[in-house]
Participant: 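Mind having a look at this structure? Questions to follow.
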Protein chains: 2
Amino acid sequence: MEGGQLKSIEASQSLAERLFVTLRGEIVEGQIAAGSKISEPELARRFNASRGSLREALMRLESLGLLERRVNVGARVVDLTERGLLDLYEVREALEGMACRLAAQYHTKEDLVELRQMLARHEQQEELQAGKAYFQPEGDFDFHFRIVQASKNDLLIDTLCNRLYYRVRMYRYQLGMASPRAQRAFREHGHIIEAIEAGDGELAELLMRRHIRASRHNIEKKLTTET
Amino acid sequence: MEGGQLKSIEASQSLAERLFVTLRGEIVEGQIAAGSKISEPELARRFNASRGSLREALMRLESLGLLERRVNVGARVVDLTERGLLDLYEVREALEGMACRLAAQYHTKEDLVELRQMLARHEQQEELQAGKAYFQPEGDFDFHFRIVQASKNDLLIDTLCNRLYYRVRMYRYQLGMASPRAQRAFREHGHIIEAIEAGDGELAELLMRRHIRASRHNIEKKLTTET
DNA sequence: TTCCGCTGGATTGTCAACAATTACCCGTTG
DNA sequence: CAACGGGTAATTGTTGACAATCCAGCGGAA
């Protein structure tokens with residue numbers, strides 16, 4: 001139980017905020033195991049913080065869906081279930097599909113420039129790594145992230161980028177869904193950007209939904225063969 | 001500034017939870033004005049609670065998207081903007097469309113029974129009121145609520161029923177979008193249920209998305225003519 | 001042996017006081 | 001007269017202590 005390291009988070013903001021960011025990272029990356037119980041006194045001692053500040057961080061984590069709290073019982077890290085992962089993909093299909101439709105309509109020139117630059121970077125990276133690890137790094141996140149930003153719908157952006165994506169990352173880190181769909185996913189990204197550039201919202205939505213559904217089916221297959 | 005009434009909320013649970021529910025109601029119904037600043041000491045005095053418990057309630061309200069908090073400045077009730085309302089409808093179109101698709105696939109017999117009973121009740125109500133006020137009461141909420149429940153996707157259910165719907169209700173209460181689409185909306189509800197019963201997820205999604213988009217266009221028109 | 005109730009320990013919920021930051025008011029100055 | 005700066009008051013962030021609740025282990029009775 002080593003001492004907490006929350007110095008490098010940027011010293012500004014409030015203590016509760018820093019605790020929140022630190023704990024979020026540890027939960028996403030599995031340093032705090034999924035399904036494990038959270039002890040408020042223990043964590044408070046570890047970070048040299050009071051229980052009050054820690055509780056504030058815990059409540060934010062609960063609202064992110066990374067913790068479950070029951071009154072007079074305490075908080076537990078959510079556990080990762082096959083069903084939860086598939087549920088997540090269904091919601092993403094709906095929301096990111098809509099994000100694409102809106103992005104095709106409302107994107108700015110800067111959005112397109114950044115999307116194309118990103119795609120170019122990913123292409124280099126892919127050639128280097130021979131289509132092996134496109135999905136693991138944050139590359140895939142970058143793509144989906146940027147698309148959502150281009151939708152210009154603040155509620156959609158908040159829901160996906162500040163809420164669901166942490167859960168997505170948690171599943172990826174811990175269940176480690178390294179996809180064999182690397183090159184294919186890359187090409188699909190390109191087609192989605194083209195549709196957005198052409199202003200064809202209907203096509204952009206369709207392509208994104210297929211893209212996500214393909215990932216989902218891939219995972220489904222993996223899970224059924226493994227178990 | 002009358003004394004707080006949080007006695008009738010069910011005395012169980014925790015104090016912070018009761019404060020949360022009470023304040024949520026007052027914000028949704030506009031008794032606490034949209035855009036107004038929240039004073040922690042004042043509210044704490046009003047409910048005879050400590051600031052700590054109140055702050056917990058405020059943070060839950062923030063995670064619901066009903067409050068905005070800035071560090072060392074305080075909390076404000078979100079203000080209702082035309083853009084925010086339209087954003088909300090776009091997200092609902094995506095999510096409830098998916099909910100219908102899933103409901104068509106995973107609904108139970110009990111789901112269908114309840115949906116049909118509800119539709120029957122709404123029909124009576126509509127005949128009584130001569131198609132005037134189908135939308136105002138919670139009737140429309142009941143419908144959308146039950147559909148989402150039938151999707152069996154816990155993340156989707158939580159996102160819509162525990163997060164977005166309070167914002168929807170806030171807009172309805174305060175901007176008072178009494179719809180002239182009463183009978184038409186009612187018929188659309190019927191068609192959606194039929195599609196779900198037939199197990200046609202694609203059609204159910206399509207119909208729900210049209211249904212919500214029609215509401216959205218209706219509001220858009222109203223807003224442009226009024227201003 | 002198995003089930004039930006009880007007691008001790010620990011954990012969570014709640015509170016009131018302290019420290020740090022911000023907002024407001026007012027006098028000064030260009 | 002308007003803009004800037006200092007000082008005070010109020011608000012927020014944080015802490016440690018108190019009260020209520022839950023959990024584990026033990027002992028007794030059927």
Side-chain angles (χ1 to χ4, degrees), chain A residues 1 3-7 9-24 26-27 32-33 35-64 66-79, chain B residues 1 3-7 9-24 26-27 32-33 35-64 66-79:
Chain A
M1 208 63 61
Q5 57 277 34
L6 48 94
K7 40 194 180 301
I9 295 295
E10 69 179 303
S12 62
Q13 305 286 350
S14 76
L15 171 58
E17 179 98 12
R18 292 188 305 251
L19 288 171
F20 166 65
V21 173
T22 303
L23 288 173
R24 184 181 62 191
E26 295 198 1
I27 290 176
I32 298 180
S36 64
K37 183 166 182 346
I38 296 288
S39 166
E40 292 183 1
E42 179 186 330
L43 275 184
R45 279 195 304 273
R46 179 174 154 212
F47 292 111
N48 293 108
S50 82
R51 260 186 61 223
S53 301
L54 185 102
R55 277 169 66 87
E56 179 168 338
L58 293 186
M59 294 194 334
R60 297 199 198 184
L61 289 170
E62 182 189 18
S63 81
L64 265 192
L66 297 182
L67 287 186
E68 287 172 349
R69 289 182 55 197
R70 289 192 332 193
V71 274
N72 285 319
V73 171
R76 306 190 78 86
V77 182
V78 295
D79 36 25
Chain B
M1 207 65 61
Q5 57 276 35
L6 48 93
K7 41 193 179 302
I9 295 294
E10 69 178 303
S12 62
Q13 304 289 348
S14 77
L15 170 59
E17 179 98 12
R18 291 188 306 249
L19 288 171
F20 165 65
V21 173
T22 303
L23 288 173
R24 185 181 62 192
E26 295 198 1
I27 291 176
I32 298 180
S36 64
K37 182 165 182 348
I38 295 289
S39 166
E40 292 182 2
E42 179 186 327
L43 275 185
R45 278 195 303 273
R46 179 175 153 213
F47 291 112
N48 292 108
S50 83
R51 262 185 60 224
S53 301
L54 186 101
R55 277 169 66 87
E56 178 167 340
L58 292 186
M59 294 197 336
R60 296 199 198 184
L61 289 170
E62 182 189 16
S63 81
L64 265 192
L66 298 183
L67 287 186
E68 286 173 351
R69 290 183 54 196
R70 289 191 332 194
V71 273
N72 285 318
V73 172
R76 305 189 78 86
V77 182
V78 295
D79 36 25

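As the structure is a prediction and not an experimental result, all values here were calculated from the model. Just so you know, these numbers use all the heavy atoms, side chains as well, and skip hydrogens, waters and symmetry mates.
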Participant: Walk me through it: do A/I27 and A/V78 pass the test side-chain contact (heavy atoms from CB on, under 4.5 Å)?
Facilitator: CA-CA 9 Å; A/I27 290 176; A/V78 295; 6.0 Å; no

Participant: What residues form a side-chain hydrogen bond (donor to acceptor under 3.5 Å, both in side chains) with A/R60, not counting sequence neighbours?
Facilitator: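 Checked A/R60 against side-chain hydrogen bond (donor to acceptor under 3.5 Å, both in side chains); matches are A/E17, A/E56.
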
Participant: Give me the bend of the helix from C/dT1-D/dA30 to C/dG30-D/dC1, using the axes of the five pairs at each end, rounded to 10°.
Facilitator: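 Rounded value for the end-axis angle: 30°.
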
Participant: Go through the steps for B/R69 and B/R55 under the test side-chain contact (heavy atoms from CB on, under 4.5 Å), then give the verdict.
Facilitator: CA-CA 11 Å; B/R69 290 183 54 196; B/R55 277 169 66 87; 3.8 Å; yes

Participant: Chain A on DNA chain C: first and last contacting nucleotide, 5' to 3', under 4.0 Å to a heavy atom?
Facilitator: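 Range of nucleotides within reach of chain A: C/dT12 to C/dT14.
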
Participant: Using the test side-chain contact (heavy atoms from CB on, under 4.5 Å), find all partners of B/S63 that sit at least two apart in sequence or belong to another chain.
Facilitator: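 Counting only residues at least two positions away or on another chain, B/S63 forms a side-chain contact (heavy atoms from CB on, under 4.5 Å) with A/S63.
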
Participant: Return a single string for nucleotides 9-23 of chain D, one symbol per nucleotide in 5' to 3' order, where B is base contact, S is sugar-phosphate-only contact and - is none, cutoff 4.0 angstrom on heavy atoms.
Facilitator: ---BBBB-----SSS

Participant: Evaluate the side-chain contact (heavy atoms from CB on, under 4.5 Å) criterion for residues A/L58 and A/E62: first the C-alpha distance (whole Å), next the side-chain angles of each, then the deciding distance (0.1 Å), finally the verdict.
Facilitator: CA-CA 6 Å; A/L58 293 186; A/E62 182 189 18; over 6 Å; no

Participant: Could you list the residues that satisfy side-chain contact (heavy atoms from CB on, under 4.5 Å) with B/S50, not counting sequence neighbours?
Facilitator: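 Partners of B/S50 under the side-chain contact (heavy atoms from CB on, under 4.5 Å) test: B/S53.
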
Participant: Output all residues satisfying side-chain contact (heavy atoms from CB on, under 4.5 Å) with A/V73, sequence neighbours left out; order by chain, then residue number.
Facilitator: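 Expected list: A/R70.
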
Participant: Start with the C-alpha distance between B/V21 and B/R24, add both sets of side-chain angles, then the distance that settles side-chain contact (heavy atoms from CB on, under 4.5 Å), and finish with yes or no.
Facilitator: CA-CA 5 Å; B/V21 173; B/R24 185 181 62 192; 4.0 Å; yes

Participant: Return the set of residues passing side-chain hydrogen bond (donor to acceptor under 3.5 Å, both in side chains) with B/R51 (not counting sequence neighbours), or none when no residue passes.
Facilitator: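 With neighbours one apart ignored, the set is B/E40.
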
Participant: Going from OG on A/S39 to CZ on A/R45, what distance comes out if it is rounded to the nearest 0.5 angstrom?
Facilitator: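 Here the interatomic distance stands at 6.5 Å.
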
